[in-house]
Every structure is written in C-alpha cells, then in structure tokens.
Novice: 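Below you will find the structure I want to go over with you.
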Amino acid sequence: MSPVTPPFSDEHEQLRQSIRGFLERELAPHAQQWEHDEWFPDEVFGKLAAQGLLGLKYPERYGGQGGDYLHEAVLCEELARIGSGGTAAGIGAHVNIATPPIWKFGTDEQHERYLVPAIRGEKIGALGITEPGAGSDVAAIATRAERVDGGWILNGEKTYITNGVRAHFIVTAVKTTKDGGHHGISFLIVDRGEGVASSKLEKLGWHASDTATISFADVFVPEQNLLGQLNEGFKLIMANFQWERLAMSLGAVGAMALAWERTAAFARERQAFGRPLSGHQAIRHELADLATSVYTCRCVTYDALRRFVAGEEPLKEVTMAKLLTQRACFELMDACLQIHGGAGYMREYWVERAARDARLGPIGGGSDEIMREILARML
Ligand SMILES: Cc1cc2nc3c(=O)[nH]c(=O)nc-3n(C[C@H](O)[C@H](O)[C@H](O)COP(=O)(O)OP(=O)(O)OC[C@H]3O[C@@H](n4cnc5c(N)ncnc54)[C@H](O)[C@@H]3O)c2cc1C
C-alpha cells in the first residue's frame, strides 16, 4: 500500500526504518514466547532505552532525544511490528501515559528521580486512575490520601493497570478532599514498597502485559511526591488524554496496515477451487474494503496528529480518530481472521492474537460510548 507521508518528513521516515528494523530483529522473534509466558522481560525497557526509544519526545537534559510528538508518533505506529499487543501495551503505557505527566507537571527533583531513570529504562512506570468502582466516571474515584506530617497516607485500590506488577512507580490519582470529584482529585507518584500489593489479572488479549489490581494499605507517600497542584489532578488527566488517544489511534493504524499486508500475501498464496483466494471476487473485494479502511483511518489520524503538533487543541478530531480507528481495527482483524479460515483460529497464526488484542481499543483510554458522548456534546 502506498504510504501517506505527511506530516512526516524524510527524517521521520528514516527513524521509522531504524525502529522497524530494531523491533523486527530484537523483539518480534520472542513475541510468541512472551505471549505464552504471559510476561515480557523487564530488560526490554533497557534495550529500547539503549536505542533512545524511551525518550524520543523528551529534552536532552533528561537524557531524551530532544525530538517531538512526531518522532513519538512513528514509534507508536511501528510498535505493531513486535507482533505482541501486550508488549506494545507495556511500552506504550510507560512512554505515553505514565511519564508524560511527570515531564509536564513534575518538579526538577521529580524529573531527576523518575523521568531520567524512566528514559534510561531503569525505572518502569504505570498510570493508576481506574478503580473497581470508577472507570469512565473518573471523578468517582475513592482511593483517598490523608494529610499527615511530611506527606500522605494512602488507602484504596486501582484496577486494570498496565505494568501494574512490574512498575517501580505508579502515577496515582487520589482523592485529597472529603468529597473528591472534579475539584478534589490530586496525583501522587507512589513508589512500590510497603503497603503496595499487586495481583495480575487474566484477560482476553494483550497476554504479555501485566494488567493488575494494585491495593494501597496505609502507604506513606512523602510530600515531595505530589505531582502538580493539590486538588487540580483533573487538569493533569485532561492534559494527556489527547496524546493518549492519538497514540492509540496511531497504534491501530500501524496494526491495521501490517495485518492487511500479511492477509493480502496469504490470499495470494492460499489456493481454493483451483486458484489463489485473491482470485475470488468476494475475497478481492473484501481486501479492497479493508485497504479503504486502513487508508481512511490513517488520513483521519494524521489529520488529528497534524493539528495536535501545530498546537491546536483538536479535541473533536482526536476523539473522532479514537472512535473510528479502534472499532475499525477490531473489525479489520476479524475480517483478516476470516480470510485465513481455520488457520486464523489457531494460536500459531499471528491473526488469532491480533484479533484478540484489538478488542481492547474500543474500551481502553475512553470507551466508544464516552467518545460519542464527547462528540455529541461538542456538536
Ligand atoms: C487491558 C486494559 C488495560 C488498561 N490499562 C489501564 C491503565 O494503565 N491505567 C488506568 O487507569 N486504566 C486502565 N484501564 C482501564 C480502562 O481505561 C477502563 O476499563 C475504561 O476507561 C472503562 O472503564 P470501566 O472498565 O470501569 O467501564 P465502565 O466505566 O463501568 O463502563 C462500562 C460500559 O458502560 C459504558 N458507559 C459508561 N458510562 C457511560 C455513559 N455515560 N453513557 C453511555 N455508556 C457509558 C462504557 O462505555 C462501557 O461500555 C485498562 C483497561 C484494560 C481492559
């Protein structure tokens, strides 16, 4: 399929080739094993850091590459090349949701203590917002932090947290007033330690990632770990939502393009009724529809990305991109699985995993229904 290059320059395309080569060489050969193990090694973060891939958008003074969101966008698209949604999710959670709030809202000392080692791959991060009683309705979180001498005492539970077992630090949303809600939520950076316990959850897809419930029982968090302003945690949540949703849209576009290429190759090879599958009109037309879906999703996502990078606040375009791409990606994977026939249902084929992995998109990072609600209000 012909590439749609803007908003990327030649420099970004060179970066893409280098990232793709690295992921295909160093990580993809292990994908099957990691999915089977339901775990990928922590050393993956060190390997990515050695290539500069954990700090593409971060300033050089923190050990980053001094690039911008476009460089990061290339990584988001290419992560599908690993062939393990779970591994991509663990890396994505670290670079796209756990570290950006520290970069944007952290003090110099927090940058030094968390961002610098995170970019080096020495400390792994997680973002803890969702709770058993509060998902889409973020304002309903109940985990509470009570003021004590020198800091806070934290009690509560987070759930469905990506990197929830391996994370060294959890950027955690907590209630800092009696009522909580929009004006009573703050963020604390919580180190793994006494009173912090994780338990890994079993799930449909993303098997290599450690999605976990994390409980906090009388955890002392020092004063200097407050991230951003007290009771202004909602600002912090809103500040990264657009990037998180763009990153998910880019990830879907990358996964869809790769799935199309592989399925088209399969259809050219596989014979039925004396000719390749691609010689049957129904399959050719399905592939044409799928190519149209890849292209449409890419155009809408790149348009939102272009606006985001230009400094607009493209809430509508990003929301539409998230809504369109996540459902389209799942539908495309299902169609690719169908073209593979019985083979598509087998563990040894990539598409079985890709179809399961894609089911998360319409739920995570703000569900389809929430995207529609945002759009309905705006429109
Ligand atoms: C694999 C995985 C990884 C995740 N990683 C993280 C992470 O790293 N950090 C983190 O904080 N969270 C994480 N999440 C949580 C994720 O963001 C939530 O699951 C998601 O926001 C939905 O919340 P919920 O599951 O509580 O569903 P609910 O909010 O209970 O929603 C249930 C259903 O009702 C719909 N619904 C809710 N409100 C409305 C409404 N007003 N109108 C119409 N329909 C509505 C929803 O769309 C959904 O279909 C992860 C989830 C999964 C599954």
Side-chain angles (χ1 to χ4, degrees), residues 35 38-40 79 84-102 118 124-143 156-175 185-190 192 198-216 227 233-234 236-241 243-245 247-248 251-252 319 322-323 326-327 329-330 353-378:
E35 289 286 315
E38 304 206 344
W39 185 265
F40 71 91
L79 283 177
S84 158
T87 308
I91 298 165
H94 181 76
V95 296
N96 290 323
I97 59 176
T99 52
I102 300 182
I124 300 166
L127 178 71
I129 298 178
T130 307
E131 300 185 358
S136 306
D137 184 6
V138 176
I141 64 161
T143 296
E157 190 174 80
K158 298 289 173 184
T159 196
Y160 311 145
I161 307 305
T162 307
N163 293 339
V165 174
R166 71 179 84 228
H168 299 98
F169 64 89
I170 305 133
V171 176
T172 310
V174 296
K175 245 170 84 168
I185 290 176
S186 308
F187 271 84
L188 297 176
I189 309 175
V190 183
R192 190 170 293 284
S198 295
S199 83
K200 191 161 172 275
L201 298 162
E202 292 191 347
K203 53 195 186 296
L204 175 71
W206 284 18
H207 283 176
S209 81
D210 48 318
T211 307
T213 290
I214 308 178
S215 64
F216 305 104
L227 182 62
F234 235 83
L236 191 145
I237 295 176
M238 301 318 285
N240 199 49
F241 258 159
W243 174 246
E244 176 181 1
R245 289 171 184 165
M248 286 183 74
T319 307
K322 164 78 171 61
L323 177 61
Q326 305 306 301
R327 181 58 63 177
C329 180
F330 177 62
R353 187 187 310 152
R356 285 185 292 105
D357 287 348
R359 188 61 188 87
L360 188 271
I363 300 171
S367 66
D368 281 2
E369 290 74 19
I370 297 303
M371 294 306 102
R372 289 196 186 97
E373 194 52 30
I374 295 171
L375 289 169
R377 260 187 252 141
M378 289 185 80

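We use all heavy atoms of the structure for the numbers below, so side chains are in, but hydrogens, waters and symmetry mates are not. Counting convention: from 1, in listed order, for ligands and their atoms alike.
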Novice: Considering non-hydrogen atoms only, spot the tightest contact between Ser367 and Ser136 and give its length.
Specialist: OG-OG, 4.3 Å
Novice: Are the side chain of Glu131 and the backbone N or O of Ala142 linked by a donor-acceptor pair below 3.5 Å?
Specialist: yes
Novice: Under 3.5 Å, N or O to N or O, is Trp206 touching ligand 1 that way?
Specialist: no
Novice: Residue-level breakdown please: for Leu360 versus ligand 1, do any non-hydrogen atoms fall below 4.0 Å on the side chain, on the backbone, on both, or on neither?
Specialist: side chain
Novice: For Arg166 and Ser209, indicate whether the former's side chain and the latter's backbone hold a donor-acceptor pair under 3.5 Å.
Specialist: no
Novice: Is a side-chain donor or acceptor of Asp357 paired with a backbone partner of Trp206 at a separation under 3.5 angstrom?
Specialist: yes
Novice: For Gly125 and His94, which heavy atoms make the closest approach, and how far apart are they?
Specialist: N-ND1, 3.1 Å
Novice: If you have a sec, work out which protein heavy atom is nearest atom 41 (N) of ligand 1 and how many Å separate them, to one decimal?
Specialist: Ile370 CD1, 4.3 Å
Novice: Does Glu369, backbone or side chain, put an N or O under 3.5 Å from an N or O of ligand 1?
Specialist: yes
Novice: Starting from atom 22 (C) of ligand 1, locate the nearest protein heavy atom and write down its residue, its atom name and how far away it is, to 0.1 Å.
Specialist: Ser136 OG, 3.9 Å
Novice: I'd like to check atom 1 (C) of ligand 1 in this structure: does the protein have a heavy atom lying under 4.0 Å from it?
Specialist: yes
Novice: Looking at Gly135, which atoms of ligand 1 are within less than 4.0 Å of one of its heavy atoms?
Specialist: 23 (O), 24 (P), 26 (O), 29 (O)
Novice: Give yes or no for whether the N/O distance cutoff of 3.5 Å, strictly under, is met between Gly364 and ligand 1.
Specialist: no
Novice: So which heavy atom on Gly128 is nearest to which on Ile161, and how close?
Specialist: CA-CD1, 3.7 Å
Novice: Return yes or no for this condition: an N or O of Ile129 is under 3.5 Å from an N or O of ligand 1.
Specialist: yes
Novice: Among all protein heavy atoms, pick out the one at the shortest distance from atom 9 (N) of ligand 1; state its residue, atom name and that distance to 0.1 Å.
Specialist: Leu127 O, 2.9 Å
Novice: Do Asp210 and Trp39 pass the side chain to side chain donor-acceptor pair (under 3.5 Å) test, and can you show the C-alpha distance, the side-chain angles, and the key distance before you say yes or no?
Specialist: CA-CA 7 Å; Asp210 48 318; Trp39 185 265; over 6 Å; no
Novice: Using a strict cut-off of 4.0 Å, indicate which atoms of ligand 1 neighbour a heavy atom of Ile161.
Specialist: 7 (C), 8 (O), 9 (N), 10 (C), 11 (O)
Novice: Distance to 0.1 Å, residue and atom name: give those for the protein heavy atom nearest to atom 20 (C) of ligand 1.
Specialist: Ile363 O, 3.6 Å
Novice: Set out, in order, the CA-CA distance, both residues' side-chain angles and the distance that settles side chain to side chain contact (heavy atoms under 4.5 Å, CB included) for Phe241 and Lys322, then state yes or no.
Specialist: CA-CA 11 Å; Phe241 258 159; Lys322 164 78 171 61; over 6 Å; no
Novice: Tell me the protein heavy atom at minimum distance from atom 47 (O) of ligand 1, and give that distance in Å.
Specialist: Ser367 OG, 2.5 Å
Novice: Is there at least one pair of N or O atoms, one from Thr162 and one from ligand 1, spaced under 3.5 Å apart?
Specialist: yes
Novice: For residues Thr87 and Ser84, report the shortest heavy-atom separation together with the two atoms involved.
Specialist: OG1-OG, 2.7 Å
Novice: Under the criterion side chain to side chain contact (heavy atoms under 4.5 Å, CB included), I'd like the reasoning laid out for Met371 against Thr319: C-alpha separation, chi angles, the key distance, then a yes or no.
Specialist: CA-CA 6 Å; Met371 294 306 102; Thr319 307; 3.7 Å; yes
Novice: When you look for heavy atoms under 4.0 Å from ligand 1, do you find them on the side chain of Thr130, its backbone, both, or neither?
Specialist: both
Novice: So for ligand 1, is Tyr160 a polar contact partner (N or O within less than 3.5 Å, distance only)?
Specialist: yes
Novice: Say whether Asp137, considering both its backbone and side-chain N or O atoms, lies within less than 3.5 Å of an N or O atom on ligand 1.
Specialist: no
Novice: Donor-acceptor pair, distance only, cut-off 3.5 Å: does the side chain of Arg353 make one with the backbone of His207?
Specialist: no
Novice: Got a protein heavy atom sitting under 4.0 Å from atom 30 (O) of ligand 1?
Specialist: no
Novice: Polar contacts were defined as any N/O atom of the residue lying under 3.5 Å from an N/O atom of the ligand; does this apply to Glu131 and ligand 1?
Specialist: no
Novice: Less than 4.0 Å from atom 6 (C) of ligand 1, is there any heavy atom belonging to the protein?
Specialist: yes
Novice: Any protein heavy-atom neighbour for atom 44 (N) of ligand 1 (distance below 4.0 angstrom)?
Specialist: yes
Novice: Could you tell me, atom by atom, which parts of ligand 1 come under 4.0 Å of a heavy atom of Gly365?
Specialist: 17 (O)
Novice: Could you pull out the closest heavy-atom pair between Asn240 and Pro100, with the gap in Å?
Specialist: OD1-CB, 3.5 Å
Novice: Provide the closest heavy-atom pair for Lys158 versus Phe216 in the form atom of the first, atom of the second, distance.
Specialist: CG-CE1, 3.7 Å
